[in-house]
Amino acid sequence: MDTTRFDDEQFDRAAVALRNTLNGIAITGAGISVESGIPDFRSANGLWSRYNPSEYATMDAFLDNPDKVWNMWYELADTLKGVKPNSAHYALAKLEEMGHVKAVITQNIDALHSHAGSKTVIEYHGNADTMVCPACSRRRGMDLSQRALGAPRCECGGYMKPDVVLFGEIIPEYALKTSERLARGCDVLIVVGTSATVYPAASLPYLAKEGGATVIECNTETTAFTNAVTDIFLQGLAGETLPELVRRVEEANL
Ligand code: APR
């Protein structure tokens, strides 16, 4: 790969920060999975350009018309079929193996961090593997077989819901509290592929900054974080910037 296009000063600063810590964490958004073939939400061809989130991704929308929400979910599930981690996911798993990153907090529901080998992954918005009944809280494996019938039903008569956090739902207690604790206590935070627009996930880099962390942001474009909390901005595709960052950390460790 032609590494001349990387900003040496930024990448070397990021490599030094990571090399000198065993207390780093990563926070990821949909942008890290775009190179695996999963569209993000707010870029030009993102999911929300085809589905208005207020009609398809809120708890009220689900309660009002579960079949409609499942129509979008079935399309999303199709894009998740057979997807594989890309080099950005593997790079974060490598940083965990090297001891520099101790957890990945992801807003994504695609399970690609675990499939890439990351051991400590906090799924802040749930995952696509299970579905839950809001009426009786029963959970079972995701079932796409009934798509012709619309929303899957629960034994209690209620409608099953994908076990992901919809707008208007609270973040699961474990994910919320553990992520806040990790953010407040880390020395280095790598933020990858998120538009910094959805709370409370977007509050985590601010907590890290308040705790004195060095914030490294990897994105194809600047975000609200960039001028507020980011110390080192690595512009580019995560599938290129993160492997380059790992290469420079490894080089220095030789
Ligand atoms: N490499 C790096 N960054 C990328 C790439 C890439 N290949 N492709 C896109 N991006 C960046 C975009 O510039 C954008 O800043 O990733 C970000 C994706 O932003 P969103 O689509 O808003 O996704 P995300 O931030 O994860 O959304 C947060 O909102 O819709 C809800 O619950 C959903 O978890 C999601 C949350």
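Quantities reported herein were computed from a predicted structural model and do not represent experimental measurements. Counting convention: from 1, in listed order, for ligands and their atoms alike.
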For this session: Would you check whether A196 has a nitrogen or oxygen atom less than 3.5 angstrom from a nitrogen or oxygen atom of ligand 1?
Result: no

For this session: Check each of T241, V34, N219 against atom 11 (C) of ligand 1 and report the one with the nearest heavy atom.
Result: N219

Problem set entry | Selection from P39, C218, S195, A57 by shortest heavy-atom distance to atom 20 (P) of ligand 1 | S195

Exercise. Can you list the ligand 1 atoms lying under 4.0 Å from a non-hydrogen atom of W48?
Worked result: 30 (O)

For this session: Can you figure out which of G31, G29, A201 has its heavy atom closest to atom 6 (C) of ligand 1?
Result: G31

Exercise. What is the closest protein heavy atom to atom 25 (O) of ligand 1, and at what distance does it sit?
Worked result: T194 OG1, 2.7 Å

Problem set entry | Short side-chain donor-acceptor distance under 3.5 Å, T58 and D60 | no

Exercise. What's the shortest distance from atom 34 (O) of ligand 1 to any protein heavy atom, and which residue and atom give it?
Worked result: H125 ND1, 3.0 Å

Exercise. If we only count N/O pairs under 3.5 Å, is S43 in contact with ligand 1?
Worked result: no

Exercise. Could a heavy atom of F167 be found less than 4.0 Å from some atom of ligand 1?
Worked result: yes

Problem set entry | Contact check, A202 vs ligand 1, heavy-atom distance below 4.0 Å | no

Exercise. What do you reckon, does E35 have a nitrogen or oxygen under 3.5 Å from a nitrogen or oxygen of ligand 1?
Worked result: yes

Problem set entry | Under-4.0 Å heavy-atom contact with ligand 1, by part of Q107 that carries it | both

For this session: To the nearest 0.5 Å, tell me how far Y206 OH sits from Y199 OH.
Result: 4.5 Å

For this session: Pick out which of R138, R140, R139 makes a salt bridge (charged side-chain N to carboxylate O under 4.0 Å, His left out) with D163.
Result: R139

Exercise. Can you check whether V165 has an N/O within less than 3.5 Å of an N/O in ligand 1?
Worked result: no

For this session: Could you check which of V164, V191, T220 puts a non-hydrogen atom nearest to atom 4 (C) of ligand 1?
Result: T220

Exercise. Hey, quick one: are V215 and I232 part of the same hydrophobic cluster, counting side-chain heavy atoms closer than 4.5 Å, chains of contacts allowed?
Worked result: no

Problem set entry | Protein contact to atom 23 (O) of ligand 1 [nearest heavy atom, distance to 0.1 Å] | A30 CB, 3.6 Å

Seminar exercise, completed: Of all protein heavy atoms, the one nearest atom 1 (N) of ligand 1 is A238 N, 2.9 Å

Exercise. Is there a donor-acceptor pair under 3.5 Å between the side chain of T79 and the backbone N or O of I38?
Worked result: no

Exercise. Counting only N and O atoms by type, is there a donor-acceptor contact under 3.5 Å from the side chain of N108 to the main-chain atoms of G29?
Worked result: yes

